[in-house]
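Below: the structure, in structure tokens.
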Amino acid sequence: MNVNQSAPPVPPFGQPQPIYPGYHQSGYGGQPGSTAPPTPYGAYNGPVPGYQQTPPQGMSRAPPSSGAPASTTQAPCAQPTYGQFGQGDVQNGPSSTVQMQRLPGSQPFGSPLAPVVSQPAVLQPYGPPPTSAQVTTQLAGMQISGAVAPAPPTSGLGYGPPTSLASASGSFPNSGLYGSYPQGQAPPIGQAQGYLGVQTPQRSAPSQASSFTPPASGGPRMPSVTGPLLPGQGFGGPPVSQPNHVSSPSPQALPPGTQMTGPPGPPPPMHSPQQPGYQLQQNGSFGPARGPQPNYGSPYPGAATFGSQPGPPQPLPPKRLDPDAIPSPIQVIEDDRNNRGTEPFVTGVRGQVPPLVTTNFLVKDQGNASPRYIRCTSYNIPCTSDMVPLAAVIKPLARLPPEEASPYVVDHGESGPLRCNRCKAYMCPFMQFIEGGRRFQCCFCSCINDVPPQYFQHLDHTGKRVDAYDRPELSLGSYEFLATVDYCKNNKFPSPPAFIFMIDVSYNAIRTGLVRLLCEELKSLLDFLPREGGAEESAIRVGFVTYNKVLHFYNVKSSLAQPQMMVVSDVADMFVPLLDGFLVNVNESRAVITSLLDQIPEMFADTRETETVFAPVIQAGMEALKAAECAGKLFLFHTSLPMAEAPGKLKNRDDRKLINTDKEKTLFQPQTGAYQTLAKECVAQGCCVDLFLFPNQYVDVATLSVVPQLTGGSVYKYACFQVENDQERFLSDLRRDVQKVVGFDAVMRVRTSTGIRAVDFFGAFYMSNTTDVELAGLDGDKTVTVEFKHDDRLNEESGALLQCALLYTSCAGQRRLRIHNLALNCCTQLADLYRNCETDTLINYMAKFAYRGVLSNPVKAVRDTLITQCAQILACYRKNCASPSSAGQLILPECMKLLPVYLNCVLKSDVLQPGAEVTTDDRAYVRQLVTSMDVAETNVFFYPRLLPLTKSPIESTTEPPAVRASEERLSNGDVYLLENGLNLFLWVGASVQQGVVQSLFSVSSFSQITSGLSVLPVLDNPLSKKVRDLIDSLRAQRSRYMKLIVVKQEDKLEMLFKHFLVEDKSLSGGASYVDFLCHMHKEIRQLLS
Ligand SMILES: [Zn+2]
């Protein structure tokens, strides 16, 4: 009786389940029909889909390269305080003239801890002495690596030399775009590789433009509509007179669609009556919502007409394509908010398209998983066609708003959860009980199973079990089962997980103040480790390691008066020098831990050690968890390229000359296979790695992020970290990360009903076979995108089912299964597919597909593939679903009318088309971030939100309506906020009223505003408060802290800001929205002809 009964939507669930003997419980991941014993933790020797590139190189503890020190090809941070390192020709070591900061009073610290300063550093008196192998002599003294001067830039690519970049960047804010180095913003010179760089001039020739028909003038087949439009009318589209707006829904209206007379018309909609209103915005035309439109000229030859229904051609003078006439993301978002944000989304009906991710709505689980857990690219799958990628973006542990209940936990006792004998699917609302309730037919594989006696229940006259609404697994889309010991590693219930904090104490980490800041913060943060339910204290144990090129372990056993340090300097053969006292309960060892955290900054205050190791640190943490027989998480705080002699040693191989060559992919690949090998070991141990990077220059994020990526961890990057500028952002991220609820040692399997199957997976995880997604850790922010393909014909009657099962260990050490079910419709008419698509989810899938593609393909090929795929999707619609019309018309399905604009944003993103200011590390960083993003995150990341601040009344408490991300939409008399989930800008127009300037910045004129400011002064006036509240609210919506950058119009920083005005042509050659739409139209026409 372990059912959580808080706020039950239905009568109490889950009576205690008697044990029913003889029900053999196969392990997780058993194959259909398999009688072999489960092997839930098979050998990790399978393919690694997420990282196909560099083949594993065995235990690449190979001797490190003996070559010369890597050259620096990137400018380090050019900041006044870093002056001594700022010339791009010195590695990040201290110069001999630098006075190291040392706090007064830190000298004698009467602890047993010895300072470690690049000396043979094994402290004898503490703990068991290390074996002689570990007592190695360290390199004496410090070295400033003999870096060579940066390579000159190639002439063709337009990238300035690092030194010049650095020198041009004096006033750049520290955070850059992704916390990148504040380098120059000079526009690239010769980088017009995109198709539009060449074609735009042609398009703008007015003489080549053709005329348009009015987009919404009512085509021959479109009945004129007055009053609320019935879904399915005419083309199933919106009213002609208001194509872009959805009028008030008429819930009762659901007649089948007006028959199309032309071939191949769409069939009547298959929606159920429970989707009031939504049909109205489907499968129609786009265009301005202001009634009949004038004609739109286009600069493109043979250009498009925008409208779902062709009207008679009306020759008109050519004009530039009116941006107001092309589909507006803002309008679509607003319409959905207005129409679907008021009523809860009830999941009881198969194939319902949920509201957009940008709409606030509540969910009521009535048998299908909430869209917070699963979103699909389409909710109506063609019975045979794979034309539109079918993918689900799954966030198994998504956090819910307080109004929505967490999944119920069902305990079936020793027998464990009830499953299909053949396909191992878990009991769910779609299983069909037959023979009076004595058997059930599996909804996934059709196998007939006996119902165990203790689970037996009578059926009512509709064939439904009479207890269906008393059991979560028979009535809800999402729920949890308590797992039995069969689901545990080595058939043993798990121990509570552990957190290990591993702190770089090399010169860079000390100098920036990072170590001191971190140690101070940890003292209080350890009180907020994740807890389960109402537990008084967290079950999680903690441990501490510091390192530079050797590792220091700490014994913080509660019985000690002072912490003890043990040094392991043989990093080639890492071991954990102590077991007892390394992982401890925070409350029991508080005094010792506090003492340790006080001492660490002092101990290393005088360090001159600049070299670091990296792989041995992870190895050590993983070995410690293994020794303690538990899963857990490593928090690594790391500053530099690990160049010390050790496994996983890296060299600086950054080379921007590779951009736009066939070798560009190597910039995204790890430079050694050692980290993949290490990651596999970590996954086997349930060791998740979160990495906090504080680089001054290139650190090879592509390689360092391999282990976090494959273990379900997170990477944070704070380039040129300085305490005064960056502590708020770092501490905010750290607090959130440490407090996150995490599922450990997890395995996820997605089962499908006959006809489709999961074929591909995207995210931060590891796979050793083709079906099981292994996650050393999984938190509530991480998603896994799963692609499905047909392997048989689907059936319209039965639809298609997905079941995602996540087996994991909770923060308290409880083994559980979380189940999410989702039923989709199936259709024989493609029009139904296009009426039930979710473009935001499709973009999430396409971006992840492309971002993985750059690991193995030239970036240009990846871009071309995206364009072709998008054109095929839209051409298929045009061919099969749209009514015949003049070839000059571009007709987009209503649900996909934003596909071109969003796709263009993906194409011109930094990974696929980097600007000059984007570093190799930035690109690798963003690439791996996007891999785990949910749909809401990719949506705002690719199409940022731009909010005018002074347009709406000051007393208005709601978020101001966004405007389109284009310079045209900026008024120089206004102030705007722009955010994309990672970056936050406040743009101030040059003509903004003096009163506004005074209210926000407390200065008297625009010219006095400090460009690059990252904090607004706290002023006691309504505008200041409103803007600061809005900033807080935006930050609260995102999973990472967004540092503010104030940008003044016409200031050089504005270049950074304009990078995010994604509807405009970009400096790196990315097309404007208008140009891209024209290009897409051309592609579609080519496919059709
Ligand atoms: Zn089955």
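Remember, it's 1-based here, ligands and their atoms both numbered in the order they're listed. The figures here come from the full heavy-atom set of this structure, side chains too, leaving out hydrogens, waters and symmetry mates.
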For residues H790 and F788, establish whether the separation of their ring centroids is below 6.0 Å.
no
Please check if the distance between the ring centroids of Y479 and F481 is under 6.0 Å.
yes
Checking K848 against D760 for the salt bridge (Lys or Arg N to Asp or Glu O under 4.0 Å) test, could you report, in this order, the C-alpha distance in whole Å, the side-chain angles of both residues, the deciding distance, and whether it holds?
CA-CA 11 Å; K848 289 176 180 177; D760 209 348; over 6 Å; no
Measure centre to centre between the rings of F762 and Y851, then say whether the value is under 6.0 Å.
no
Work out how many protein N, O or S atoms lie closer to the Zn ion (ligand 1) than 2.8 Å.
4
Taking side-chain contact (heavy atoms from CB on, under 4.5 Å) as the definition, give me every residue that meets it alongside E797, ordered by chain and number, with sequence neighbours left out.
N795
Show the numbers, then the answer: is there a salt bridge (Lys or Arg N to Asp or Glu O under 4.0 Å) between E480 and R815?
CA-CA 10 Å; E480 294 201 329; R815 199 74 173 149; over 6 Å; no
